[in-house]
Visitor: 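My questions will all concern the structure given below.
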Amino acid sequence: MRDVKPASTIDRARSAQTIAAIASPPGGARRGIVRLSGPGAREIVEACAQFESTDSLAARGVWPARFHDGRGEQPVLVFWMPAPRSYTREDVVELHGWGARPLIEAVLRRVLELGARPAAPGEFTRRAFENGQLDLTRAEGVLELVRASNERERRAASALLSGGLARRIEALRERLLDLRVLCEASLDFDEADTGHVPSEQIDALASEALSALDSALGFERRRAPPSGRARVVLAGAPNAGKSTLFNALCGAQALVSEVPGATRDVLRANWRVDAGEFAPELELVDTAGLFDAHAEVGAGSASDDDPDRQAQSASREALASADLVLALASASLAQSGDAQQLAARRAAGELGAAPLVLVWSQIDRPDALREPPRELLEKLGSPPWVALSALSGAGLPQLTALCRAQLSPGGGEGEDGLEREISERHLLALSQSREALREARAALRVGAPLDQIAQTVRVALDALDAILGRTSPEDVLERLFARFCIGK
């Protein structure tokens, strides 16, 4: 048995830099958590916890102990995470005890008596950010995840927290840094010198960077729909009637063709699901058809510039962010293979994790089956379905009603517009970066001085660094982290 260390041995200067807070939700529960982070975390815990083993806290791990809270003792599990392998990259200790509020408050009160100070809202995550564990987009993802009130918000936050935007920006920064270096390297050379970089090479790199910027903008728009609107995505084989249905529901003018694969881009439009000026609006997304020869657009089988592969990649990203998937299969006997392909894609998890509605389309065709085969419904997981003709309008009211029923009521934006605010910050900075890069490219083409072009590229870089938090002003950081819970 390892005894409690005397409180008098605690280094008060180190303890003063250590923060503590209750990290579990308010209210009673089976377990409550008090979290400490900072250089004095271990000393404070050793001054009030009696461990069962003499080698406790000798290494990273979970250690049972009796915690002396100044009035009595209670059993706890001590989670010891020494720096730098912790959330904050500092020494972190979590004390897991009984969840009764008086007991967990007694634990917090004792560690504060021993020199830790109360953590400010979001201070654990801010330390993670300041110590390089998280960039600002991932910190925003933590906040969005904590505040998420439905599945759509959870998916949007997870995409941010997992680094989906940060990875794109880091790759983009490398291109812009290369572009700036090329411009500055050419300043000291004439065109006849071997050190001079041809303007065509600089222009080609700028073009690549613009494409990467467009990709990052597309990711952010897909991640968080404007104003928190629910997103409904159309999926199905080529010529299953997706574009015709897209046009019928939202009055858009998507290209409709008998040629398979006519839709290559991801198309988006507002879909007002009821009549009236104040009816709820959804975001409707039309995607490229699911190809029969799926292996031909798989990884390693085509270049990244292949249009078919790009179309399929964009479709998968749209499906991954959907709140509801309308899976179209043609009722026409001539296209009976479409339904089987749809079932195979569903089984492979390629239609996303959102709820699915089967749209039995093109029922106006002479060879159409009036309803989907039972075998197909079973392969799709027995989803709700509706038979319709987008051309005649038959079944459209039933589809609208079914979509309303499938989308949960509380699927709008959070109470403080957090998700929209964060996404708008990203989109504004990405747009500023793209505009600066376009200016640099235009200046290059009219023969502007390379130092002017290099400075414009620097403006594009600064906009990206603001997204990651490298150049964000203090008031922006204060405002963000103040919205966190205490203990996060």
Side-chain angles (χ1 to χ4, degrees), residues 17-25 33 35-38 41 81 83-92 94 117-149 152-173 216-217 219-224 228 321 413-430 432-433 461-488:
Q17 302 170 44
T18 301
I19 56 174
I22 296 174
S24 45
I33 302 171
R35 179 178 295 145
L36 297 89
S37 178
M81 294 160 277
R85 293 174 55 209
S86 71
Y87 180 63
T88 61
R89 295 185 68 86
E90 301 175 333
D91 286 346
V92 171
E94 287 188 358
R117 67 168 177 79
E123 190 168 4
F124 289 96
T125 301
R126 177 148 190 176
R127 289 193 176 191
F129 164 69
E130 291 176 342
N131 293 331
Q133 182 80 322
L134 301 173
D135 62 76
L136 193 56
T137 69
R138 287 181 170 90
E140 289 168 328
V142 173
L143 179 56
E144 282 193 13
L145 192 59
V146 170
R147 296 286 192 92
S149 60
R152 184 195 62 74
E153 291 176 358
R154 185 200 66 77
R155 286 198 304 272
S158 296
L160 202 56
L161 181 56
S162 64
L165 181 59
R167 284 193 298 273
R168 286 168 169 80
I169 291 176
E170 289 291 359
L172 177 55
R173 286 189 79 259
L217 277 162
F219 170 84
E220 184 59 21
R221 290 185 181 119
R222 290 188 295 271
R223 185 190 72 82
S321 66
E413 67 184 80
E415 62 183 55
D416 60 355
L418 170 70
E419 181 187 308
R420 182 178 64 180
E421 180 181 326
I422 289 174
S423 187
E424 286 178 349
R425 185 182 82 84
H426 299 163
L427 292 172
L428 176 60
L430 287 168
Q432 289 172 339
S433 182
L461 273 166
D462 286 346
L464 298 182
D465 285 343
I467 297 177
L468 298 176
R470 295 175 180 175
T471 59
S472 298
E474 183 65 22
D475 61 328
V476 172
L477 299 179
E478 288 286 353
R479 187 164 180 266
L480 171 69
F481 289 108
R483 299 168 84 164
F484 278 73
C485 310
I486 294 175
K488 296 294 187 288

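Fair warning: this is a prediction, and the values are worked out from it, not measured in the lab.
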Visitor: Rounded to the nearest 0.5 Å, what's the gap from CD1 on Ile422 to CD1 on Ile467? Could you check?
Guide: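 That separation rounds to 12.5 Å.
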
Visitor: Looking only at non-hydrogen atoms, find the nearest pair between Ile33 and Ser24 and report the distance.
Guide: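 Answer, listing the atom of Ile33 first, then Ser24: N-OG, 3.0 Å.
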
Visitor: According to ring pair (Phe, Tyr, Trp, His ring centres under 6.0 Å), who are the partners of Phe219, at least two apart in sequence or on a separate chain?
Guide: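 With neighbours one apart ignored, the set is empty.
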
Visitor: Hydrogens and angles aside, do Glu220 and Ser423 bring a side-chain donor and acceptor to less than 3.5 Å of each other?
Guide: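 There is such a pair (donor and acceptor under 3.5 Å, judged by atom type) between the side chains of Glu220 and Ser423.
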
Visitor: Let me confirm one number: the SG-CG distance from Cys485 to Leu143, rounded to the nearest 0.5 Å.
Guide: 8.0 Å

Visitor: Indicate yes or no: at least one non-hydrogen side-chain atom of Met81 is less than 4.5 angstrom from one of Glu94.
Guide: yes

Visitor: CG/Leu430 to CG/Leu217 distance, rounded to the nearest 0.5 angstrom?
Guide: 4.5 Å

Visitor: Hey, are the side chains of Glu424 and Leu428 touching, using non-hydrogen atoms and a 4.5 Å cut-off?
Guide: no

Visitor: Check whether any side-chain heavy atom of Ser86 lies under 4.5 Å from a side-chain heavy atom of Asp91, and answer yes or no.
Guide: no

Visitor: Between Val92 and Ser37, what is the shortest heavy-atom contact and its length?
Guide: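 Here Val92 and Ser37 meet closest at CG2-OG, 3.7 Å.
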
Visitor: So, for Arg138 and Ala166, which heavy atoms are closest and what is the spacing to 0.1 Å?
Guide: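 Nearest heavy atoms, Arg138 then Ala166: NH1-CB, 3.4 Å.
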
Visitor: Roughly how far apart are Arg223 CZ and Thr137 OG1, rounded to 0.5 Å?
Guide: 9.0 Å

Visitor: Where the side chain of Arg168 meets the backbone of Gly164, is there a donor-acceptor pair that is under 3.5 Å apart?
Guide: yes

Visitor: Quick check: closest heavy atoms across Gly141 and Leu160, and the distance to 0.1 Å?
Guide: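 Minimum heavy-atom separation between Gly141 and Leu160: N-CD2, 3.7 Å.
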
Visitor: Is a salt bridge present between Arg470 and Asp135, judged by a nitrogen-to-oxygen distance below 4.0 Å?
Guide: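 No, no charged N to carboxylate O under 4.0 Å.
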
Visitor: Mind checking the CZ-CD1 spacing from Phe124 to Ile19? Nearest 0.5 Å is all I need.
Guide: 4.0 Å

Visitor: Indicate the atoms forming the closest heavy-atom contact of Ala41 with Thr18, along with that distance.
Guide: N-OG1, 3.7 Å

Visitor: So does Arg126 pair up with Glu474, basic N to acidic O under 4.0 Å?
Guide: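 A salt bridge links Arg126 with Glu474.
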
Visitor: To the closest 0.5 Å, what do you measure between CZ (Phe129) and CZ (Arg89)?
Guide: 14.0 Å

Visitor: Answer yes when Arg127 and Glu123 have at least one side-chain N-carboxylate O distance shorter than 4.0 Å, and no when they do not.
Guide: yes

Visitor: Looking at every heavy atom in both Glu90 and Gly38, which two are closest together, and how far apart are they?
Guide: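 That closest heavy-atom pairing would be OE1-N, 3.5 Å.
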
Visitor: Is a donor on one side and an acceptor on the other found under 3.5 Å between the side chain of Arg173 and the backbone of Asp465?
Guide: no

Visitor: Do Leu468 and Glu170 touch side chain to side chain, with heavy atoms closer than 4.5 Å?
Guide: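 A side-chain contact exists here, since the closest heavy-atom pair is under 4.5 Å.
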
